[in-house]
Amino acid sequence: MKVFAKYFHGFDPIGWPAVTFSSEAAARSLLEGFEPGSRMVFLATKGARIDAMRGKIVGMMEFGDERGRVEQYFTEAMIAARTEEFGKFQWPWAVRALRAWQFEEPYPVTRTEIGRVPMSARRNPWLLPKGLASKMLRLPHFEVPLSRPFALSASKLIEVKRRTSRRQSKGPPPTSYEALVIRSCDGPCFTYLLRFGARDIWKVGMSVDPDRRLDEINAHIPTEILDEEWQIERLARFEAPQTAYDVEQRILDHFRAHRTTGERISLPLPQVSAGWDAVVSAAGGSSDA
């Protein structure tokens, strides 16, 4: 078993369940002398979208001995979501992940636990020395859900590549854009809590039309493969859209120690329900289970 490390923009085993690279050579080098059970440690860059992840050791994936283009494993919706987030798709080569673990928060600081990380680890896998590899495996961590990639036939892959090469639409507008529009409108608005299937993965947001927003979010989930999707767990209604937005931010702040990526939270149902009820009640909202 080998343990590697590399810089990533974060850790998202549901939305991006693979170890991805900008070059084929980097993906190939990860599998040279492959040993079953080998893992990749995710080091979040200082520019990671989630503040709590920046400069930290955030996650770990066990990977198999299979690599290829991301179009071979992920739906167009998954790729479009990353294109929408970063503006340009930069990681076309993937090594398939088998399992995933998240390090306990507050995440370990990379510089404190590892020291100097080679500059090459920004693009290429860095094979950790045995002592450092053992140290990473001893850091407190727990297993988290991992979306299962799928495989395409050769003919289907050609078709997908042709479509992705001319893709123009990037799906629904980002949540931040929707929030800007909603806060300027009149009428009631909702803060919502979504649950992914029966898992303890949650998403917090706000919208004037939660059902429509749910459809937009699920459009980026390969439900035909996972047989799971986001569902509305709780809704809180507010007359002022600004209040719904403020409550959304308070809930995210309340669960800041348990946030994963974007507006998502990893926590058991009882704790999520208690936190939701406390914040919504303090804001004077009417909550529907």
Side-chain angles (χ1 to χ4, degrees), residues 9-12 14-15 47-54 77 80-82 84-87 102 105-107 170-221 228-289:
H9 286 297
F11 182 64
D12 183 10
I14 291 292
R49 294 295 181 93
I50 305 300
D51 289 349
M53 290 187 176
R54 293 175 181 172
R82 278 297 182 268
E84 177 183 292
E85 183 176 359
F86 293 101
Q102 181 179 322
E105 298 186 52
Y107 298 113
K170 301 184 177 66
T175 303
S176 58
Y177 174 80
E178 182 193 25
L180 177 64
V181 174
I182 288 173
R183 279 179 280 165
S184 66
C185 74
D186 296 321
C189 191
F190 298 85
T191 304
Y192 58 74
L193 176 69
L194 307 183
R195 186 176 192 176
F196 190 70
R199 305 173 189 254
D200 288 333
I201 298 292
W202 314 84
K203 179 177 175 61
V204 180
M206 50 89 68
S207 176
V208 294
D209 188 343
D211 291 329
R212 176 188 60 79
R213 184 61 182 141
L214 179 65
D215 289 341
E216 291 175 348
I217 294 171
N218 278 327
H220 289 287
I221 301 297
E228 291 179 288
E229 63 182 6
W230 292 102
Q231 303 173 46
I232 295 177
E233 183 75 18
R234 306 288 288 274
L235 285 174
R237 184 180 188 275
F238 300 95
E239 292 304 318
Q242 181 64 50
T243 305
Y245 173 77
D246 291 342
V247 170
E248 173 201 49
Q249 296 304 305
R250 290 173 199 162
I251 292 171
L252 291 172
D253 184 64
H254 181 86
F255 292 117
R256 61 185 177 278
H258 304 280
R259 292 180 64 179
T260 56
T261 300
E263 299 164 331
R264 296 205 292 270
I265 298 162
S266 177
L267 204 63
L269 172 60
Q271 292 169 260
V272 172
S273 294
W276 170 276
D277 290 339
V279 174
V280 170
S281 177
S286 56
S287 181
D288 298 326

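As the structure is a prediction and not an experimental result, all values here were calculated from the model.
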With sequence neighbours excluded, residues passing side-chain contact (heavy atoms from CB on, under 4.5 Å) with [X]:
X	value
H258	I265, L267
Q102	F11, E105, Y107, F142, V144, T260
R250	D246, V247, V279, A283

Distance-minimising heavy-atom pair for [X] and [Y]:
X	Y	answer
G275	H254	CA-NE2, 3.5 Å
M53	G10	SD-CA, 4.0 Å
W230	W202	CZ3-C, 3.8 Å
T191	A244	OG1-O, 2.9 Å

If you round to the nearest 0.5 Å, how far is [atom2] of [Y] from [atom1] of [X]?
X	Y	atom1	atom2	result
E248	C189	CD	SG	9.0 Å
I232	R213	CD1	CZ	11.5 Å
E233	L235	CD	CG	10.0 Å

[X] side chain near [Y] side chain, heavy-atom distance below 4.5 Å:
X	Y	answer
D211	Y192	no
I201	R264	yes
E263	L252	yes

Applying salt bridge (Lys or Arg N to Asp or Glu O under 4.0 Å) to D215 and not counting sequence neighbours gives none

For E228, check salt bridge (Lys or Arg N to Asp or Glu O under 4.0 Å) against everything at least two apart and list the hits. R199

Under 3.5 Å donor-acceptor, [X] side chain and [Y] backbone:
X	Y	value
R234	L193	no
R256	D253	yes
T243	F238	no
N218	E229	no

List for me each residue that meets side-chain hydrogen bond (donor to acceptor under 3.5 Å, both in side chains) alongside D200, sequence neighbours excluded, and say none if there are none. R195

